[in-house]
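What follows is a single structure, written as structure tokens, with notes after it.
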Amino acid sequence: MNHFQYRDGVLHAEEVPVRTLLEEYGSPLYIYSSATFRRHFKAFDSAFEGLDHLTCYSVKANSNVHILKMLGEMGAGTDIVSGGELHRAMAAGIKPEKIVYSGVAKTALEIRQALSAGILMFNAESLDELRLIDSVARDMGKVAPVALRINPDVDPQTHPYISTGMKKNKFGLDMETALEGYRLAKDAEGLNPIGIDCHIGSQLTSIAPFLEALDKVLAFVERLKEMGLELSYMDLGGGLGITYDEEEPPHPKEFGQALSERLKGVGLKIILEPGRVIAGNAGILAFQVIYTKESEIKKFLIVDAAMNDLVRPSLYGSYHRIAEVEPKGRPMETVDVVGGICETTDFLASDRDLPWAEQGEYLAAFSAGAYGFTMASQYNSRPRPAEVLVDGDSSRLIRRRETYQDLIAPETNL
Ligand code: LLP
């Protein structure tokens with residue numbers, strides 16, 4: 001359930017007509033619904049209420065500091081993957097003891113920053129990384145809390161570009177190497193192995209792969225116990241999918257129940273890192289038709305948003321529902337919705353049934369709240385769109401539209 005619905009025939013974000021927002025803030029525009037964010041966070045977090053747990057929202061899905069602050073006020077921690085995300089989380093007031101740090105390529109500087117901040121734990125993904133964390137921590141006179149990310153070799157049955165828990169992926173450590181990592185961490189002066197971590201992929205639409213991975217992690221925890229290592233945390237990552245088109249992912253409640261069932265009596269604090277399931281359907285990208293164009297075999301709606309604003313269709317062939325902001329009841333045609341970037345892959349939808357909209361009309365791409373703005377770029381020197389957060393009948397700008405000066409500012413005075 002989300003709060004982007006048609007009322008009296010026009011698309012609203014909560015109580016506000018989308019057209020009003022476009023007229024006030026310009027086009028293209030990312031529009032988020034606070035009520036949807038809150039609802040999704042609550043639904044997910046409460047699904048694990050029977051367990052000692054911490055929901056660490058995955059910053060990469062939507063990293064606007066106002067969104068982070070809103071979730072933080074509801075009790076969320078964060079999952080970060082860079083010094084930049086650490087900076088955002090701290091700026092949003094997320095307590096460092098609720099921050100977990102994942103990612104395969106943490107630099108010495110980033111490790112130092114996270115240690116100074118006092119984060120909950122590092123999810124380490126290689127032996128080299130463990131050695132570097134150890135040396136940075138010792139240098140700072142600190143002991144770094146670490147978990148090792150296990151690669152359980154489970155097929156998450158999702159898009160190959162977003163599956164992470166298979167042997168061939170760069171993520172995590174296979175079980176034998178992880179065992180070596182725990183031995184290393186146990187003996188290292190600068191490391192305190194307090195947890196275990198696993199994330200197998202994103203946009204998963206069934207529970208089975210999660211459970212398969214969990215069973216492997218649980219068996220591994222037993223092996224660690226045998227070597228005298230008692231952990232405190234088990235981080236199960238993110239990955240729960242959403243409905244973009246006709247997918248039917250499990251409801252968070254069902255997901256929470258299935259996992260909780262297996263985790264009863266394990267005695268570890270559970271960390272979860274949901275991103276998409278919180279943010280995905282809490283945002284849309286609204287834009288305007290600039291031109292229409294027909295060839296012998298194609299009909300194009302040329303719009304003012306492009307792959308630099310929403311890259312998922314171009315990068316993964318992802319589906320985003322597109323609809324008129326103010327439907328007029330015209331018949332459907334098969335069209336491509338394309339932007340102005342000089343790339344053939346610059347499309348928001350291809351061979352899609354949509355009414356033949358006219359110049360100046362507004363359309364919206366749904367399910368754009370996760371991996372939308374965060375993956376946007378300035379390609380073709382297009383300033384990135386503004387972001388607006390709606391709450392009931394009010395709205396506020398949470399990121400201004402970039403200007404031409406923003407494009408060149410870092411290049412001047414060099
Ligand atoms: N934890 C870790 C370690 C991750 O790598 C990710 C996502 C998450 C949590 C959050 O996963 P989620 O709950 O959002 O599925 N750009 C792609 C998705 C990439 C996901 C990367 N990692 C897309 O647009 O579909």
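For ligands, and for the atoms within them, numbers begin at 1 and follow the listed sequence.
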Without placing hydrogens or testing angles, list every side-chain donor-acceptor pair under 3.5 Å for residues 246-258, not counting sequence neighbours.
unit_1, atom_1, unit_2, atom_2, d
E247, OE1, Y244, N, 2.9
E247, OE1, D245, N, 2.6
H251, ND1, K253, N, 2.9

* Lys NZ or Arg CZ of K106 over F122 ring: under 6.0 Å, within 45° -> no
* Classify the ring geometry between F373 and Y30 as parallel (under 30°), tilted (30 to 60°) or perpendicular (over 60°). => perpendicular
With the criterion set at N/O pairs under 3.5 Å, what does the list of contacts between the protein and ligand 1 look like, atom names and distances included?
unit_1, atom_1, unit_2, atom_2, d
ligand 1, 1 (N), D79, OD2, 3.3
ligand 1, 1 (N), E273, OE1, 2.5
ligand 1, 13 (O), G239, N, 2.8
ligand 1, 13 (O), G275, N, 2.9
ligand 1, 14 (O), R276, N, 2.8
ligand 1, 14 (O), Y371, OH, 2.6
ligand 1, 15 (O), S202, OG, 2.4
ligand 1, 15 (O), G239, N, 3.3
ligand 1, 16 (N), Y316, OH, 2.7
ligand 1, 24 (O), R312, NE, 2.6
ligand 1, 25 (O), R276, NH1, 3.1
ligand 1, 25 (O), R276, NH2, 2.9
ligand 1, 25 (O), R312, NE, 3.4
ligand 1, 25 (O), R312, NH2, 2.9

* For A137, which residues count as a side-chain contact (heavy atoms from CB on, under 4.5 Å) partner, sequence neighbours excluded? ->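 So A137 forms a side-chain contact (heavy atoms from CB on, under 4.5 Å) with L115, A144.
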* With sequence neighbours excluded, residues passing salt bridge (charged side-chain N to carboxylate O under 4.0 Å, His left out) with R401 -> none
* **Closest non-hydrogen atom pair, Y6 against L11** => CD2-N, 3.4 Å
